[in-house]
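Only one structure is covered here, and it is reproduced in the block below.
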Amino acid sequence: MRITKKLTILLCAMIMAFGLTACGGGKDKEVSVDINKLAEELQTAVTSDTLSQTASEITISTYFLNADDVESSVSYASSGSTACEIAVIQSKDSSKTGDVEKLLQSRVDGQSELFASYNEGEVAKLDKAIIKSAGAYTVLCVCDDTDKANEVLKKYGF
């Protein structure tokens, strides 16, 4: 009886361990995203601010990305009156998305400090900033409606 109980516990533990490894993160997902379409949809759906699309070179320098690691990128930025911004970055290799996430978080942290000094109401948006990765893609979305943004991102595999 005692051996059977131990065997059952061991078996349950192994099943749970296998189950947890099967629930991998989004970075290993096989996704293909039209980054321009995603960024435009987010820009249209989740912010009341008028954002302007920035050139890829500006996106790379704004977020301090390593240009050698970026396949393509698109971003929309506010005029500076709000904290709203959207960036979609496709890395050349999905192993780089962790680095991209850290750089995007650094941007959010810096913007939060900046807005706290002159437009504290925008800090709440930055506190709810969305940074997600799937496959080789990483998204930053600072917006008015994070629930809607998450719906859009889910549709694209994030």
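Quick note: numbers below take in every heavy atom, side chains included, and nothing from hydrogens, waters or symmetry partners.
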Over 12 foreign heavy atoms within 6.0 Å of NZ, Lys132: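 Yes.
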
field: Heavy-atom neighbours of Lys37 NZ exceed 12 at 6.0 Å
entry: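 No, because the 6.0 Å sphere around NZ of Lys37 holds 12 heavy atoms or fewer from other groups.
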
Value rounded to 0.5 Å, distance of [atom1] in [X] from [atom2] in [Y]:
X      : Y      : atom1 : atom2 : result
Thr146 : Lys125 : OG1   : NZ    : 11.5 Å
Lys102 : Asp109 : NZ    : CG    : 13.5 Å
Ser112 : Glu120 : OG    : CD    : 9.0 Å

message: Suppose we screen for salt bridge (charged side-chain N to carboxylate O under 4.0 Å, His left out). Which residues come up paired with Lys155, at least two apart in sequence or across chains?
response: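 Scan of Lys155 (salt bridge (charged side-chain N to carboxylate O under 4.0 Å, His left out), adjacent residues dropped) gives Glu41.
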
- prompt: Can you name the salt bridge (charged side-chain N to carboxylate O under 4.0 Å, His left out) partners of Asp145, sequence neighbours left out?
  reply: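 Asp145 satisfies salt bridge (charged side-chain N to carboxylate O under 4.0 Å, His left out) with no residue once adjacent residues are dropped.
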
Looking only at heavy atoms, what is the nearest atom pair of [X] and [Y], with distance?
X      : Y      : value
Ile86  : Cys141 : CG1-SG, 4.1 Å
Ala149 : Val46  : N-CG1, 3.4 Å
Ala116 : Val123 : N-CG2, 3.6 Å
Glu122 : Ala83  : OE1-N, 2.8 Å
Asp93  : Ala136 : C-CB, 4.4 Å
Thr138 : Ser133 : OG1-OG, 3.0 Å

Using a 4.5 Å cut-off on heavy atoms from C-beta on, say whether the side chain of [Y] contacts that of [X].
X      : Y      : value
Lys148 : Glu151 : yes
Phe158 : Ile130 : no
Val139 : Leu42  : yes
Tyr63  : Ser75  : yes

- request: For a side-chain contact (heavy atoms from CB on, under 4.5 Å) with Gln43, tell me which candidate from Leu51, Thr50, Asp49, Leu38 qualifies.
  value: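 Checked Leu51, Thr50, Asp49, Leu38 against Gln43; only one passes side-chain contact (heavy atoms from CB on, under 4.5 Å): Leu51.
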
For the hydrophobic clusters of this structure (ILVMFWY residues joined by side-chain heavy atoms under 4.5 Å, transitively), does one cluster hold both [X] and [Y]?
X      : Y     : answer
Ile89  : Val33 : no
Leu65  : Val88 : no
Val100 : Ile58 : no
Val31  : Val74 : yes

task: Please list all pairs passing the ring pair (Phe, Tyr, Trp, His ring centres under 6.0 Å) test where one or both residues lie in residues 69-117, with sequence neighbours left out.
output: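 Of all non-adjacent pairs touching residues 69-117, those that pass ring pair (Phe, Tyr, Trp, His ring centres under 6.0 Å) are Phe115-Tyr118.
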
query: Can you list every pair that meets ring pair (Phe, Tyr, Trp, His ring centres under 6.0 Å) and has a residue in residues 133-154, with sequence neighbours left out?
result: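 Not a single pair qualifies under ring pair (Phe, Tyr, Trp, His ring centres under 6.0 Å).
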
- prompt: Quick check: does any side chain N or O of Thr59 sit under 3.5 Å from a backbone N or O of Ala55, one acting as donor and the other as acceptor?
  reply: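 The answer is yes, because a donor-acceptor pair under 3.5 Å joins these two groups.
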
field: Test item: Asn119 side-chain N/O and Thr82 main-chain N/O as donor-acceptor pair under 3.5 Å
entry: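 Between the backbone of Thr82 and the side chain of Asn119 there is no qualifying donor-acceptor contact (under 3.5 Å).
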
message: Does anything in residues 62-73 form a salt bridge (charged side-chain N to carboxylate O under 4.0 Å, His left out)? List the pairs, not counting sequence neighbours.
response: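 Listed once each, the pairs would be none.
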
- request: Just grab all the salt bridge (charged side-chain N to carboxylate O under 4.0 Å, His left out) pairs involving residues 79-88, residues at least two apart or on different chains.
  value: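 Those involving residues 79-88 are Glu85-Arg107.
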
- request: Check whether the side chains of Thr97 and Ser91 place a donor and an acceptor atom closer than 3.5 Å, and report yes or no.
  value: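 Side chains of Thr97 and Ser91: no pair found under 3.5 Å.
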
